[in-house]
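If you're wondering where the values come from, they're calculated on a predicted model, not measured in any experiment. First the proteins, then the strands, lettered A, B, ... as listed; each starts at 1.
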Protein chains: 4
Amino acid sequence: MGKTYDQINIGDMAFMEKTVGESDVYLFAGITGDFNPAHINHEATKDTKFGGRIAHGILSAGFVSAVLGMQLPGPGTIYLSQQLVFKGPVKIGDTIKAVAEVVEKLEKGRIRLKTTCFNQDGMQVLDGEALVIAPRA
Amino acid sequence: MGKTYDQINIGDMAFMEKTVGESDVYLFAGITGDFNPAHINHEATKDTKFGGRIAHGILSAGFVSAVLGMQLPGPGTIYLSQQLVFKGPVKIGDTIKAVAEVVEKLEKGRIRLKTTCFNQDGMQVLDGEALVIAPRA
Amino acid sequence: MGKTYDQINIGDMAFMEKTVGESDVYLFAGITGDFNPAHINHEATKDTKFGGRIAHGILSAGFVSAVLGMQLPGPGTIYLSQQLVFKGPVKIGDTIKAVAEVVEKLEKGRIRLKTTCFNQDGMQVLDGEALVIAPRA
Amino acid sequence: MGKTYDQINIGDMAFMEKTVGESDVYLFAGITGDFNPAHINHEATKDTKFGGRIAHGILSAGFVSAVLGMQLPGPGTIYLSQQLVFKGPVKIGDTIKAVAEVVEKLEKGRIRLKTTCFNQDGMQVLDGEALVIAPRA
């Protein structure tokens, strides 16, 4: 089980890192049906400012969700809401660090976390925040 | 290419539907590393109120993203932000309808859409809204 | 980073659990090319004593490897050898618990672990042991 | 069906070869949950002696299993045990040859095989042996 409300403190952080592979983008496209050429067409994207295909923005949100569901608070968490602000592209081959940081403890067991993703150059690609209910003791 | 700002009107709608397979949930877990037992452990979940494994909430957001990126506005869209409110569980085998509806046209080519998901019983599982820039002519 | 030699004690245990989905078996078949009918042919297996398709034995070894590489000792581990004894079938839908337990601390940073897998009925499906070098401090 | 005990002779060999793709490693990580940075984080591994991500050792065992289950003895084989000694890294892009060679015929239909994997430079990456029961006539 994950951490309970009482075990969580403001400022607590957790993260995960993964290099985004072509297979991640292709499987995500296959699961969702989002075949936007930005994600799966090299010829259509090679001469854009990004120089090729980019990952779906929601893929980074998936990494955020993994941090919340696996670590902070962890298994047993109830996911209430998630705000996502897409700040920059994730290119195939980028290594993304998804970070969750507790910013507020609210009534009824609710926890507010700042949720961000950065690439290997320290550029922020995702901003936002999550509201969850921590697991019960 | 998708629809331009001028081609889009308030009230325009688009949707997609998919039955969520076990493979969707398992691939999503595999891409993100979210092995929360809620998603991949039948024994740990069969006696919960949901009666088994449920999909990752962000998977439904992926369907929303597919509607935006493929249909409304469609290819060429710049995804600025997404608010997600998780209203109910998506069980393996549920058929999810993801809907996007234009609710506001803003300056600088920006479009605001209401984004929702419903299951086969008409129960809302996701609420929220997206802000995008429509493709240029 | 994972646990160092000094942080590991005889009797330490770690585990993971996952319900083996059809997609796990099919992807494993697709990665390895092991299209043995036992794994991917329902018609050829439905009347056998297992009553259908079973997972590749090595898939359970993958769960063992995940416990070693993610938890005990964890990232930084050097995997020297693995003995596997296949004790029983893993059917699609079974929930497998992979367990690693430290049984000996050897010279040169090496750790010996008993590695076992059980199904949801407590039946042992895999036995064996692993030899690893724990991460350096 | 595969070869029966009587059709198998000491010295019989079979093999398969596959170039290990990033997708193989990523799917294997996704099936097992083994997100050890050694396998899925380019930034964390690019300056190691391996110069990047390496495949899970058990993936090579999967190739061995495919040779046993598909060719020698082939479908109908009962896999009793497998010893694995990890001799060197498999990098993404390496082409692995998995070889099984019959070394002993035992009582009760059992066959012992030497099981090895080599990369494209002839470097041995896996050693070990398997014990199987050949299919019945």
Trainee: Kindly compute the distance separating CD (D/Gln71) from CG (C/Asn36), expressed to the nearest 0.5 Å.
Mentor: 12.0 Å
Trainee: How long is the gap from OG on C/Ser65 to CD1 on D/Ile58, to the nearest 0.5 Å?
Mentor: 5.0 Å
Trainee: Check the surroundings of atom NZ in D/Lys91: do more than 12 heavy atoms from other residues, nucleotides or ligands lie under 6.0 Å from it?
Mentor: no
Trainee: Can you see which heavy atom on C/Gln83 is nearest to which on D/Ser81, and at what distance?
Mentor: NE2-CB, 4.2 Å
Trainee: Using 0.5 Å steps for rounding, measure from the CZ atom of D/Phe86 to the CG atom of C/Leu131.
Mentor: 11.0 Å
Trainee: Can you tell me which of D/Ala130, D/Gly69, D/Ala98, D/Ser60 forms the most heavy-atom pairs within a distance under 4.5 Å of chain C?
Mentor: D/Gly69
Trainee: Side chain, backbone, both or neither: which part of D/Ala38 has a non-hydrogen atom closer than 4.5 Å to chain C?
Mentor: neither
Trainee: Side chains of D/Tyr79 and C/Leu84: closer than 4.5 Å at any heavy-atom pair?
Mentor: no
Trainee: Check whether D/Ile31 gets within reach of chain C through its side chain, its backbone, both or neither, counting any heavy atom under 4.5 Å.
Mentor: both
Trainee: Drop me the distance from D/Phe28's CZ to C/Thr32's OG1, to the nearest 0.5 angstrom.
Mentor: 9.5 Å
Trainee: Kindly check if the number of other-residue, nucleotide or ligand heavy atoms within 6.0 Å of NZ (C/Lys87) is above 12?
Mentor: no
Trainee: Between D/Pro37 and chain C, with a heavy-atom cut-off of 4.5 Å, which part of the residue counts as in contact: side chain, backbone, both or neither?
Mentor: side chain
Trainee: Could you look at C/Leu27 and say if it's the side chain, the backbone, both or neither that has a heavy atom under 4.5 Å from chain D?
Mentor: both
